[in-house]
Amino acid sequence: MPDIRVQEAVFAPGKELDAFTDVQSGAGAVVSFTGVVRDDGGNLDEMMIEHYPGMTEKALAKIAEEAETRWSLAGALVIHRYGLMRPGDQIMMVATAARHRVHAFEAAEFLMDYLKSRAPFWKQERRGGDTTWVAAKDEDEDALTRW
Amino acid sequence: MPDIRVQEAVFAPGKELDAFTDVQSGAGAVVSFTGVVRDDGGNLDEMMIEHYPGMTEKALAKIAEEAETRWSLAGALVIHRYGLMRPGDQIMMVATAARHRVHAFEAAEFLMDYLKSRAPFWKQERRGGDTTWVAAKDEDEDALTRW
Amino acid sequence: MKLDVLYFAWLRERIGHPKDRIETDAETVADLVEELRGREERYAVAFADISALRVALDQDLSDFDARLDGVREVAFFPPMTGG
Amino acid sequence: MKLDVLYFAWLRERIGHPKDRIETDAETVADLVEELRGREERYAVAFADISALRVALDQDLSDFDARLDGVREVAFFPPMTGG
């Protein structure tokens, strides 16, 4: 069962990575991805992430379970924040554990690609008094075709 | 400049990941890979890693500098241990930071593929009184052709 | 039938609130969209281009041709931008 | 010329020590291997199949056709298994 967490609170990726790795006895290969709010050349004041409570957890669990099955993962972790965050803050992380490195890498990339376009999160950037909803990128949708 | 460490001492991947992420302001995407000694169904007593002091650091720096240039990385980290280790112990880790997730993932996979077959480390497995040098896999050599 | 209809991100902002409770006979999502467009100008504007929108039925991604039989919660939103 | 010749992993074990200091006129790595094979039986055995070996010249990976001009350290070892 993947470990899925949708939360407003900050988290420490390193601590999560160590805790995740500790329980994957015999996995051999652990891959993590951490997404951080970019400072955008000092322009960005805040990022706000809205989500769809209920559906978010469901969508993430479905994606992570598919990854676990497809790559015979020893484990998978997804943490995604919502609410207000500032440049340098962690937005989210995924971690995958597998017997072989190629599987751990592929599963982590699959999780990220699906999570980008299939989990109900919406980013809003705040600069000065302006707010802008981040537009979805065609390349993110296109990334799904490889799986 | 990549951060390259070849050491006998244990290290804490989570602590290293956090320290690495902290200095990558504006990177957005951080990928890590951690290699752990598999317990091999309880069969393996110890793993011993021999290396070629001097050449190891040189080879790792060259691989990591190539990754930094090729994927415009904000940073790269490679830590690889040698000497005796036991099942569950960390063998090595790499971390990459980039503006976009695809670059961070590709650079980390590139680092791992090259490190497997081009950095002078040799693994020996110890079971009961027997010692076996791990044989290189054709698939590891083949993995280089994609870069 | 009674439906909870939810809106997220800029769609929520354009409509001005996050949720409507609607009594409707719409058979498909497209029928429901047509009905919403007829409600008020801001709905018509918000739903002008459904190619820019996504829909979930009872918290599963779906499409505008889907039937509403048995559905209790319909959510409309822009393409997602998580990660 | 004087060369430091290093051996690693099972090659080191078969030869019985990690390093030789050799005075040689070998022009290429292959010449040097030929000379080593002539030294003693265990060298002949260790270097029987060079397709199972790799070579580094002054700590850079090289190949068995490479010339030894200016080289000070030659290392022989099995394919690497790091990571």
Side-chain angles (χ1 to χ4, degrees), chain B residues 4 6 33-38 47-64 78-83 85 90-94 108-125 131-144, chain D residues 1-22 26 28-29 32-33 36 42-83:
Chain B
I4 306 294
V6 181
F33 177 92
T34 314
V36 179
V37 182
R38 282 199 294 256
M47 175 172 279
M48 195 279 297
I49 299 185
E50 181 171 330
H51 81 121
Y52 180 174
M55 177 172 168
T56 311
E57 292 79 358
K58 228 172 124 173
L60 293 178
K62 192 177 158 192
I63 295 164
V78 180
I79 305 175
H80 204 304
R81 294 178 63 201
Y82 58 87
M85 41 209 96
Q90 270 70 42
I91 302 172
M92 50 76 63
M93 84 178 277
V94 305
E109 288 176 83
F110 167 88
L111 278 176
M112 287 306 303
D113 284 352
Y114 267 84
L115 193 154
K116 281 261 166 191
S117 312
R118 293 290 181 270
F121 291 103
W122 299 275
K123 290 197 183 102
Q124 188 187 64
E125 294 176 345
T131 64
T132 318
W133 290 99
V134 172
K137 295 192 194 102
D138 288 343
E139 69 198 58
D140 285 333
E141 187 65 32
D142 295 346
L144 301 186
Chain D
M1 85 192 132
K2 277 202 180 305
L3 282 179
D4 284 325
V5 184
L6 313 186
Y7 315 107
F8 291 96
W10 56 253
L11 189 68
R12 172 180 55 69
E13 292 180 335
R14 287 192 199 170
I15 287 172
H17 51 253
K19 186 174 174 176
D20 283 310
R21 178 128 178 104
I22 290 180
T28 67
V29 175
L32 177 63
V33 168
L36 290 167
R42 62 204 159 103
Y43 284 85
V45 170
F47 283 99
D49 175 17
I50 60 166
S51 77
L53 294 176
R54 302 288 180 267
V55 62
L57 302 184
D58 289 331
Q59 307 189 350
D60 277 320
L61 274 180
S62 187
D63 53 68
F64 289 85
D65 296 330
R67 297 188 56 84
L68 292 173
D69 315 68
V71 169
R72 294 190 302 181
E73 184 172 296
V74 179
F76 295 103
F77 40 77
M80 295 154 273
T81 55

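Chain identifiers are assigned alphabetically (A, B, ...) following the order of the sequence lines, protein sequences preceding nucleic acid strands; residue numbering begins at 1 within each chain.
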Most contacts with chain D, counted as non-hydrogen pairs under 4.5 angstrom, among [options]:
| options | value |
| --- | --- |
| B/M48, B/E50, B/E141 | B/E50 |
| B/M112, B/H51, B/M92, B/M55 | B/M55 |
| B/G35, B/A135, B/P120 | B/P120 |

Contact part of [X] toward chain D, heavy-atom cut-off under 4.5 Å: side chain, backbone, both or neither?
| X | answer |
| --- | --- |
| B/I91 | side chain |
| B/R118 | both |
| B/A119 | backbone |
| B/K116 | both |

Tell me yes or no: between the side chains of D/Q59 and D/E73, is some donor less than 3.5 Å from an acceptor?
yes
D/F8/D/F76 aromatic ring centres below 6.0 Å:
no
Determine whether D/R42 and D/R14 satisfy the following criterion, side chain to side chain contact (heavy atoms under 4.5 Å, CB included), listing intermediate values before the conclusion.
CA-CA 7 Å; D/R42 62 204 159 103; D/R14 287 192 199 170; over 6 Å; no
For the residue pair D/D4 and D/K19, establish whether any side-chain heavy-atom pair is separated by less than 4.5 Å.
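Yes, their side chains come closer than 4.5 Å.
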Please lay out, stage by stage, how D/E13 and B/W133 fare under the test side chain to side chain donor-acceptor pair (under 3.5 Å).
CA-CA 11 Å; D/E13 292 180 335; B/W133 290 99; 2.7 Å; yes
Please say whether the positively charged group of D/R12, taken as NZ for Lys or CZ for Arg, lies over the ring of D/W10, i.e. under 6.0 angstrom from the six-membered ring centre and within 45 degrees of the axis.
no
